Amino acid sequence: MALHHGGTRRDESDERRRLALNPFYGQANPVGGMTTAPPKHRLPDSPLPPTTAYQLVHDELMLDGNARLNLATFVTTWMEPQAGVLMGECRDKNMIDKDEYPRTAELERRCVAMLADLWHAPDPATAVGCSTTGSSEACMLAGMALKRRWAQRAATRKEGGRYPGTARPNLVMGVNVQVCWEKFCNFWEVEMRQVPMEGDRFHLDPEAAAALCDENTIGVVTVLGSTFDGSYEPIGEVCAALDALQERTGLDVPVHVDGASGAMVAPFVDEDLVWDFRLPRVSSINTSGHKYGLVYPGVGWALWRSPAELPEELVFRVTYLGGDMPTFALNFSRPGAQVVAQYYTFLRLGREGYRAVQQTTREVARSLADRIEEIGDFRLLTRGDQLPVFAFTTAPDVTAFDVFDVSRRLRERGWLVPAYTFPENRTDLSVLRVVCRNGFSADLGALLMEDLERILPELRSQPHPLGHDEAMATAFHH
Ligand SMILES: *Cc1c(COP(=O)(O)O)cnc(C)c1O
């Protein structure tokens, strides 16, 4: 949520407000009979008829973008009408009120069990997990569990020493992590230790990660897949490097997998890839139900391998049918609709359905990447064969335009394709990224190609790149 300051009142003159109201909505409205639009930055003095209020809000929202043309976001922009109906039926249910809504609570429990099974928890019946508002909340919870376990280890080591003493906890990760990990480290006062990019490696390096670990390392975060380029981090190799570290030094560093996108892709289309609880060092995993889980925002999931990975004192109890139910969350009240929609989607698609959807999305991404490569003006960094996401930059011999020009020109045609600069040590590299989601069809892909090919002749004849606009770069975080 953006942090807002009070708005300007410049446009609040009586004359402006009179003109702002369509006579059809106001004066000609037999119930309302208003002559001016309500103020925008303070509460109106009196109520409006619902039809007028609806029209005013509806009209303003017409200027929001067309979500289907947004190739920046990972978040679901299409669900079946049946899912919409179910969500409407559940929008008044409060997820925290387990006593009042025991069936919603049960559906949440089943979703956790299904994910524990999907991610190969050693004993899915004892794996613990919860729904969240998204991966960011799930990452906060997973990070808190890592930090608390470190504190417990440190306290035992120091035999009665005061926690936290003078030691400062740290968390190891690639520089490519999503911004939620920066938030975690800032909010929970954990030192962020980042492995930079190097050459053509745009994510975490196993040896470099192990080298950053010490006795105050609460864990290593690995990402399946990176928001920068859609690549999967080598989670098995990171675990192996940490196994070797343990053999050498005795340090036992747990791994968290940030599977915001990939944890709902890899299980269906990369079944041979071992990235999940099959690796004994993986202690927790998160995913965004609202990304490749195929549910509208906001729902996420956090799971721990077993109760031992989630310190008991972090768990709170709420009343549930006369007994109590353990909960772990940052929020208290929150809608039940998204959890119900997740359960609906699990039931509706099953493994085969998810496989078909993710496979198709990946094929659209791969063929789009191939066709962009064929143009000759671009060099692919990734090909859409891990996450259905690829990043590309301009070919070395292209000097007339840069990725920011391409992004800007595509935006003129309605497409949102973000351009951004990579972090250390590749700040020399700027890329465009395309995120394919369910609903971005091969037909839409063909239209994007047409538009790209239409703008290229003009771009090639520019005297030089027209420079970039930092505001555009922010879109890639979604
Ligand atoms: C999207 C994303 C997040 C944040 O997830 P939200 O569900 O948007 O809160 C965290 N990590 C990764 C790798 C992501 O792709």
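No hydrogens, no waters, no symmetry mates; every other heavy atom, side chains included, goes into these values. The structure presented is a predicted model; accordingly, all values stated were derived computationally and were not measured. When a ligand or atom number is given, it counts from 1 through the structure's own listing order.
Using a non-hydrogen distance threshold of 4.0 Å, Cys139 does not register as a contact of ligand 1. Distances shorter than 4.0 angstrom occur between a heavy atom of Lys291 and an atom of ligand 1.
Listed by first then second residue, pairs satisfying side-chain hydrogen bond (donor to acceptor under 3.5 Å, both in side chains) with a partner in residues 81-92 number zero, not counting sequence neighbours.
Those atoms of ligand 1 that come under 4.0 Å of a heavy atom in His290, given as number and element, are 6 (P), 7 (O), 8 (O). In summary, the atoms of ligand 1 found under 4.0 Å from a heavy atom of Val223, numbered by their order in the structure, are 13 (C). Near Cys180, meaning under 4.0 Å from one of its heavy atoms, ligand 1 places the atoms 10 (C). Atoms of ligand 1 lying under 4.0 Å from any heavy atom of Ser288, numbered from 1 in the order shown and given with element: 5 (O), 6 (P), 7 (O).
The aromatic rings of Trp188 and Phe184 sit parallel, their planes meeting at an angle under 30°, below the 60° perpendicular limit.
Below 3.5 Å of separation, one finds no N or O of Thr227 facing any N or O of ligand 1. Backbone and side-chain nitrogen or oxygen atoms of Gln178 are examined, and none is located within less than 3.5 angstrom of a nitrogen or oxygen of ligand 1. Remark: ligand 1 and Glu137 share no N or O pair separated by less than 3.5 Å (distance only, no angle test).
For the side chain to side chain donor-acceptor pair (under 3.5 Å) test, residues two or more places apart in sequence or in another chain that qualify with Ser306 are Glu309.
A heavy-atom distance below 4.5 Å is not found between the side chains of Tyr296 and Val75. Within the 4.5 Å cutoff, the side chain of Pro335 has no heavy atoms near those of the Met87 side chain. With a 4.5 Å cut-off on side-chain heavy atoms, Met192 and Val172 do not count as touching.
Between the side chains of Arg437 and Thr77, a donor-acceptor pair is found at a separation under 3.5 Å.
Residue Ser136 holds the heavy atom nearest to atom 9 (O) of ligand 1 of all those in Ser136, Gly230, Gly134.
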